[in-house]
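For the single chain, residues carry numbers from 1 onward in sequence order. Note that the structure is a prediction, hence the values are computed from the model and not measured. Each ligand, and each atom within it, is numbered from 1 in the order the structure gives.
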Amino acid sequence: MRLSLLFVAFGLVDGGRTGTTSHSKCTYRDSSPDTIFKRQGSASACPVPQDVTVTAPRGTPFMPLSQPELDSIVEWLGSSGLGLNLSDPSSPTLAMSDNYISHIETLKPNKTDVLDYLRGDSSSVPRYARVMINEGAATVPGVVQYYVGPLPISDTTTMRPLDYFYNGPNGPKVLYSGGLFDAPRQRAVEAIVASTMSGIADITLDLTGLVYYGSTDNRTNSEYFVQNPYSTDGTTGVVWLPWRRFAKAPWDQPSDLYVSFDIAGTDASLYHLRMIVYNLVVYNSTDDLRAAWSAGEITKTPKPTTNDSFLDKDRTGAMRDLEDRFAPTVLNLDGKRYRVDTVNNYLTYMGWSFYTRFDKDVGIQFYDIRFKGESVLVDALVQYAGNNPFQTGTAYSDRFYGIGSEAIRPIPGYDCPYHATYLNATYTSGTSVQTISKAICIFEADIGTPLTRHKVYSDWEQSTKGSKLVVRMISTLGNYDYIWDYGFVVDGSITLDAYASGYVQANYYRPDDAGRWGPRIGETIAGTMHTHVMNFKADFDLVDARNTFVRTGLVVENVTQPWYPERGAFESMRYDVRELATEAEGLLDSPPNGQAMYTVVNKQQLNAWGEPRGYRVVPGVSNVHLPSPRSPFLLRSGQHAKQAFAVSRQHDTEPASTAALSGNVPEAPLVEFWGFFADDEPLQQEDLVVWANLGMHHFVRSEDLPNTLATEAHASLVFAPQNWGSGGENTRDLANAVIFHSDDTDAVGVPVPETNGVDAPACLVLGPDDELLGAYTG
Ligand SMILES: *[C@@H]1O[C@H](CO)[C@@H](O)[C@H](O)[C@H]1NC(C)=O
Ligand SMILES: *[C@@H]1O[C@H](CO)[C@@H](O)[C@H](O)[C@H]1NC(C)=O
Ligand SMILES: *[C@@H]1O[C@H](CO)[C@@H](O)[C@H](O)[C@H]1NC(C)=O
Ligand SMILES: *[C@@H]1O[C@H](CO)[C@@H](O)[C@H](O)[C@H]1NC(C)=O
Ligand SMILES: *[C@@H]1O[C@H](CO)[C@@H](O)[C@H](O)[C@H]1NC(C)=O
Ligand SMILES: *[C@@H]1O[C@H](CO)[C@@H](O)[C@H](O)[C@H]1NC(C)=O
Ligand SMILES: *[C@@H]1O[C@H](CO)[C@@H](O)[C@H](O)[C@H]1NC(C)=O
Ligand SMILES: [Cu+2]
């Protein structure tokens, strides 16, 4: 598993509730006691709910570039006046030492431009492209990013280095050796790997059962993985290749063999073997390995098992009792309660509204969230630890692989409830438009508990249904699938949930490891502990952009109170309320024992009681950060992942906590997150961004096979209203609520339920225990 990034921008703007939803009045069907247990024939089925549409108040400012736009930019970049000396990126003979366009996408627009437009203060958002060029022919080769615009191409269009996005030592440039691992470089690496490994195939076969003659040679039965990071600052290029069986889930078929090459620079003739490691012994050359092997000096370890049935996920074993029955599911029996604009990727739901954006690096993002609100970014990164070159030196940045481009279509009824709404994910990759059909699923779910309920013994009893709209994206990033859920709860809360599943990346099992990095989980494999960290960006604009971050600590101190003269000094609690004054205080840990509350408030927007209106940042499950602050593999590139929370001033020059191409240059990343805090700007009543980490310390166990369980590989966070509503909590207006009053009875004195005219639809056949009348007993 590699590290991932996702991004949700989040700014809360005051938004009125939309009108009440009216429902068809339904009556209970007269049901015989056993009706509920019968499978219903199609004749009595609830209808398939249809999507309900809405038109976004403003056309989305987040359209990806169209193919004609891409073509026009490519043509413009190729025009001789610019002197870029570009080669055709699709050429089969493309060389590392060529200049070529690697990627073009829409530049994420500046916040001020977006807000001006969405508020109607401007008629459009300036449209620019972000262009990534491999400059292999430059004196100092590298990958450089530019912004090109305004679009459409005209006399005023310019191309400028995208330096305002990146605060790293080389600006928008990544020096070549830490740059792309695209076709020209893959070809160069594959050539030296194939020639080296075919020269020692007899030895590798003997030691591991694996041989490699090249990826297309039919004698090959193994594969290598190009471990990240493969550079330090872009000047060096050192890659470790773990060898594994080329079969199902190679991540779980590792051998004890590792080979390292120097792959620095654009000249493949300089690439060379650095070392071979087998059974933790280092050989500096193939000659050294052969000499040791011929002399019988190599102690062999067991070959990776060839029986990989333990990786199968097809059902096996006896059926459990009643498991032939269809599992419970979420259904919208009375029609969908959210509206969607599939052209503008805009949604409304129970007072919420927001736009979504999608891109290659991070996938779905949310903008102008109103319940009140605005937007979020997720960055997932994984740090491995272990005793061999492979696991020690791994720090995947999933943004590098493309969380968005690796999104997959969820399986209806399994990954997402039946009748969910699906949005296509459209983005650009290279110089073409890509669409992942139905990649994002949207559904309303029962949160599983009532939002509020209470019984006042002889007076009244109420219960309010808990519902939320879920926007779900699933990305398969190599061996791992990540599930990201954004939930918009009817009480004004926003929930973030991240889950991981898939094939855990296993280590070769060595008894002498003594379980220090994880238990044995198979014939020849061991689980390897590692940490996943996903960084979310939440740009709060609570009512407006003047916000303050407050830490409310719970302190215990000795007090004396005159009404307790007999106790003397005794321990008691009180609040210790502190505002973050400047960015120097902006890096925050999770408070031990949860003894502090984090809130973002607007001190100029008070509620009816004179309290500042705000939102709380509620740690959920597993708000972990990287255990190692100084691992060389994430030295400066992983600063966003080294504390639980961070609070900085919003700047268009600090759009993201990481960059896709930072992953292989841990000593010279494009974005140095802590640089956001170095200028120590004031934070009180300013435009704030909260950066939060979700993650998992993955303590691997045998239950990670065949696929990791999402029950445990789960991290979450909640943003909840804090003194936000003017009339208490935000659910008083909900009609999906029931209340009984003891004095509101029917003819025989039984309290009658008040359901606000919203009842189970006729197609839902209820059983006798579902009868509301009589449920209140006084
Ligand atoms: C253009 O790039 C090629 C490599 O693709 C290089 O050989 C050539 O010298 C470059 N021309 C100029 C004028 O820089
Ligand atoms: C966005 O804002 C930055 C910082 O003010 C500025 O340098 C940049 O040119 C702006 N980008 C666009 C596309 O206007
Ligand atoms: C492998 O490829 C060679 C050369 O193309 C061919 O002669 C041979 O039959 C192939 N072997 C198998 C097992 O497919
Ligand atoms: C391999 O190279 C390292 C460093 O260059 C050296 O210390 C070591 O002795 C070499 N090993 C062998 C077996 O030659
Ligand atoms: C492979 O392993 C499975 C599970 O241990 C076992 O049931 C099966 O018989 C094995 N297959 C072979 C060919 O050994
Ligand atoms: C989604 O994509 C499919 C196929 O790529 C296309 O047929 C469909 O019209 C798209 N839907 C929307 C709402 O754009
Ligand atoms: C309260 O006083 C007792 C007795 O002096 C001391 O042991 C304890 O640590 C104090 N508690 C706090 C929170 O200071
Ligand atoms: Cu994991």
Amino acids contacting ligand 4, non-hydrogen cut-off under 4.0 Å: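 Ligand 4 is contacted, at a heavy-atom distance under 4.0 Å, by N284, D288.
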
Among the N/O/S atoms of [X], which is closest to the Cu ion (ligand 8)? Give the atom name.
| X | result |
| --- | --- |
| H530 | NE2 |
| H532 | NE2 |
| H698 | ND1 |

Can you check whether [X] has an N/O within less than 3.5 Å of an N/O in ligand 2?
| X | result |
| --- | --- |
| Y147 | yes |
| Y128 | no |
| T653 | no |

Taking distance alone, no hydrogens or angles, what donor-acceptor pairs closer than 3.5 Å link side-chain atoms of residues 146-154 to residues at least two apart or in another chain?
residue : atom : partner : partner atom : Å
Y146    : OH   : E135    : OE2          : 2.5
S154    : OG   : T156    : N            : 3.1
S154    : OG   : T156    : OG1          : 2.9

Atoms in ligand 2 flagged as close to D652, the criterion being non-hydrogen separation under 4.0 Å: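 By the 4.0 Å cutoff, the relevant atoms are 2 (O).
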
Where ligand 2 meets L107 - atom numbers and elements under 4.0 angstrom, heavy-atom basis: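 Heavy-atom distances to L107 below 4.0 Å select 13 (C).
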
More than 12 heavy atoms from other groups under 6.0 Å of NZ on K313: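 Counting neighbours around NZ of K313, 12 or fewer heavy atoms of other residues, nucleotides or ligands fall under 6.0 Å, so no.
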
K111/D687 salt bridge by N-O under 4.0 Å criterion: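 Yes.
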
Hey, can you tell me if [X] and [Y] have their rings parallel, tilted or perpendicular (30° and 60° cut-offs)?
| X | Y | value |
| --- | --- | --- |
| Y355 | F62 | perpendicular |
| H714 | Y499 | parallel |
| Y482 | W484 | parallel |
| F673 | H640 | perpendicular |

Pairwise salt bridge (charged side-chain N to carboxylate O under 4.0 Å, His left out) hits with a residue in residues 284-296, at least two apart: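 Sorted result for residues 284-296: D202-R290.
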
Set of side chain to side chain contact (heavy atoms under 4.5 Å, CB included) partners for H651, sequence neighbours left out: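 Testing H651 for side chain to side chain contact (heavy atoms under 4.5 Å, CB included), a comparison that skips the adjacent residues, returns R649, T653, E654, E681.
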
Test item: L661 and M132 side chains (from C-beta on) under 4.5 Å apart, heavy atoms: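 A side-chain contact exists here, since the closest heavy-atom pair is under 4.5 Å.
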
